[in-house]
Amino acid sequence: MPELAEVEYFRKRWDRAVGRVVTAVEIHPRARCCADLPPAATRRALVGARLLRSEAAAKQMAFVFSGGAWLGVHLGMTGSLAELRPGETPGRHDHLVLRFRGGPDVAFRDPRMFGRLRLHAGPGEPAWWTGIAPAILSPAFRASDMADFLRRRARSPIKAVLLMQERFPGIGNWMADEVLWRAGFHPKAKAGAFGPLAVRRLRATLREVCRDALRVIGKDWSDPPDSWLFNHRWDKGGRCPRTRGPLSHVTIGGRTTCWSPRRQVLGAERR
DNA sequence: ATTCTTGTTGCATC
DNA sequence: AGATGCAACAAGAA
């Protein structure tokens, strides 16, 4: 599930613990997602430490503790962060539980275990955090860098390229489709075919979708309005909210892609 | 029963 | 060498 805005939503679910001190750390040691979370070292770093702040970037989160410990969270496909009710027993998919003095108890939950937790206990900031590409909503996300990237991936369909985290941090399957639909580009358009005008349009639409998603989904998971493709993409017989025409589905780069043939025409990218 | 999945990685192939 | 495509990971939902 989690893309940029969902990650921001889940980050806030643990925020009630900011300022509190960890009293216990429970790790499910055989879960794949905990492979980079050595139980003894994690306890040493976190128990007795205070949660100072949290950040979200791309599809990742960092929880920063006093004493210099960082807990990195990647939600994968089905991961989530939850707060346990007082006295609630963790479920079978709660692979990490943090208990704080005076509450709350919070859990990392992930049935499919595609997510990943990691610990940084040294000085400074971990490379897995500082190495994340510039956020799409930051000024450092420049059109020229984007154009270079598209040129280097010239023969790939634009849909597959938008999913590459090294340049489009936080974009996932539904956001990529939403961007291409709003901008009017065919998902199979070759990345190398994008002209200067199209690159600018793509960049502006990327930023618009990130802003909208953070405002609506990142806030409290409010239902997106029906004017978005989002609400129609999985409906059987769903129709394009702008053209009222039918929506099509096709697999690109191994991912289900939803698009509106009346709106997204090959060739529009050449400008 | 079968097929699907909003993510990422590693490997084979071009 | 770098780009591209695909299976694998695992569990639950439709």
Side-chain angles (χ1 to χ4, degrees), chain A residues 1-11 28 30-36 56-61 72-82 90-95 107-118 128-129 131-133 136 148-182 187-194 206 209-210 212-214 216-218 221-224 228-238 247-259:
Chain A
M1 221 180 261
E3 303 176 22
L4 185 80
E6 290 94 336
V7 168
E8 174 63 11
Y9 170 81
F10 283 124
R11 181 186 70 79
H28 191 153
R30 285 199 306 276
R32 253 170 37 112
C33 39
C34 298
D36 298 321
K59 296 174 186 170
Q60 308 202 51
M61 284 167 273
V73 179
H74 191 293
L75 296 171
M77 193 98 99
T78 52
S80 61
L81 298 187
R92 60 186 285 239
H93 300 305
D94 291 341
H95 306 301
F108 167 79
R109 185 170 295 163
D110 187 3
R112 288 174 75 178
M113 293 194 279
F114 290 178
R116 186 170 175 190
L117 299 170
R118 27 188 174 189
W128 46 257
W129 188 254
I132 295 174
I136 291 172
D148 288 347
F149 192 78
L150 296 193
R151 230 170 286 133
R152 215 157 57 236
R153 302 287 190 279
R155 283 157 43 208
S156 293
I158 188 66
K159 164 66 188 277
V161 174
L162 288 181
L163 293 176
M164 296 179 178
Q165 300 301 298
E166 62 204 277
R167 180 53 62 191
F168 302 104
I171 297 296
N173 204 36
W174 81 254
M175 289 183 83
D177 285 357
E178 189 79 28
V179 167
L180 293 173
W181 171 74
R182 289 196 194 184
K188 282 189 174 171
K190 298 286 184 239
F194 276 69
L206 274 160
V209 169
C210 286
D212 285 353
L214 285 170
V216 172
I217 293 168
W221 217 300
S222 319
D223 290 334
W228 296 16
L229 178 63
F230 185 95
N231 281 8
H232 312 274
R233 53 175 298 131
W234 301 120
D235 293 351
K236 254 216 147 55
L247 293 171
S248 288
H249 292 88
V250 65
T251 298
I252 301 175
R255 317 301 304 282
T256 299
T257 299
C258 175
W259 60 294

Tell me whether the count of non-hydrogen atoms from other residues, nucleotides or ligands lying under 6.0 Å of NZ in A:Lys188 goes above 12.
no
Less than 4.0 angstrom between a side-chain N/O of [X] and OP1 or OP2 of [N], yes or no?
{"X": "A:Arg153", "N": "C:dA3", "result": "yes"}
{"X": "A:Gln165", "N": "B:dG7", "result": "no"}
{"X": "A:Arg255", "N": "B:dT6", "result": "yes"}
{"X": "A:His74", "N": "B:dT8", "result": "yes"}
{"X": "A:Lys59", "N": "B:dT8", "result": "yes"}

[N] [atom2] sits how many Å from [X] [atom1], rounded?
{"X": "A:Asn173", "N": "B:dC4", "atom1": "CG", "atom2": "P", "value": "14 Å"}
{"X": "A:Asp177", "N": "B:dT6", "atom1": "CG", "atom2": "P", "value": "9 Å"}
{"X": "A:Phe114", "N": "C:dA7", "atom1": "CZ", "atom2": "P", "value": "15 Å"}
{"X": "A:Asp36", "N": "B:dT8", "atom1": "CG", "atom2": "C1'", "value": "14 Å"}
{"X": "A:His249", "N": "B:dT6", "atom1": "NE2", "atom2": "P", "value": "10 Å"}
{"X": "A:Met77", "N": "C:dA8", "atom1": "CE", "atom2": "C1'", "value": "12 Å"}
{"X": "A:Phe168", "N": "B:dG7", "atom1": "CZ", "atom2": "P", "value": "15 Å"}
{"X": "A:Arg152", "N": "C:dA3", "atom1": "CZ", "atom2": "P", "value": "6 Å"}

Among A:Glu3, A:Lys159, A:Glu178, the one residue meeting side chain to side chain donor-acceptor pair (under 3.5 Å) with A:Asn173
A:Lys159
Say you pick atom C1' in C:dC9 and the same atom in B:dA1; how far apart are they, in whole Å?
22 Å
Using the P atom in both, what is the distance from B:dC4 to C:dC6, to the nearest Å?
15 Å
Give one of base, sugar-phosphate or nothing for A:Gly172, where a contact means two heavy atoms less than 4.0 Å apart.
sugar-phosphate
Taking any heavy-atom pair under 4.0 Å as a contact, classify A:Ala160: base, sugar-phosphate, or nothing.
nothing
Side chain of A:Asp110, backbone of A:Phe114: donor and acceptor closer than 3.5 Å?
yes
Nearest-0.5 Å distance, CH2 of residue A:Trp181 to CG of residue A:Leu247
9.0 Å
Only residue of A:Val250, A:Asp177, A:Ile252, A:Leu180 satisfying side chain to side chain contact (heavy atoms under 4.5 Å, CB included) with A:Trp259 is A:Val250
Which base sits across from C:dC6 as a Watson-Crick or G-U pair, both distances under 3.5 Å?
B:dG10
Closest to the [X] side chain, choosing from [options]:
{"X": "A:Arg92", "options": "C:dT4, B:dT6, C:dA11", "value": "C:dA11"}
{"X": "A:Arg32", "options": "C:dA11, C:dC9, B:dT6", "value": "C:dC9"}
{"X": "A:Ser156", "options": "B:dT8, B:dT6, C:dT4", "value": "C:dT4"}

Distance to the ring centre below 6.0 angstrom and angle to the axis at most 45 degrees; does that hold for A:Arg182 and A:Trp228?
yes
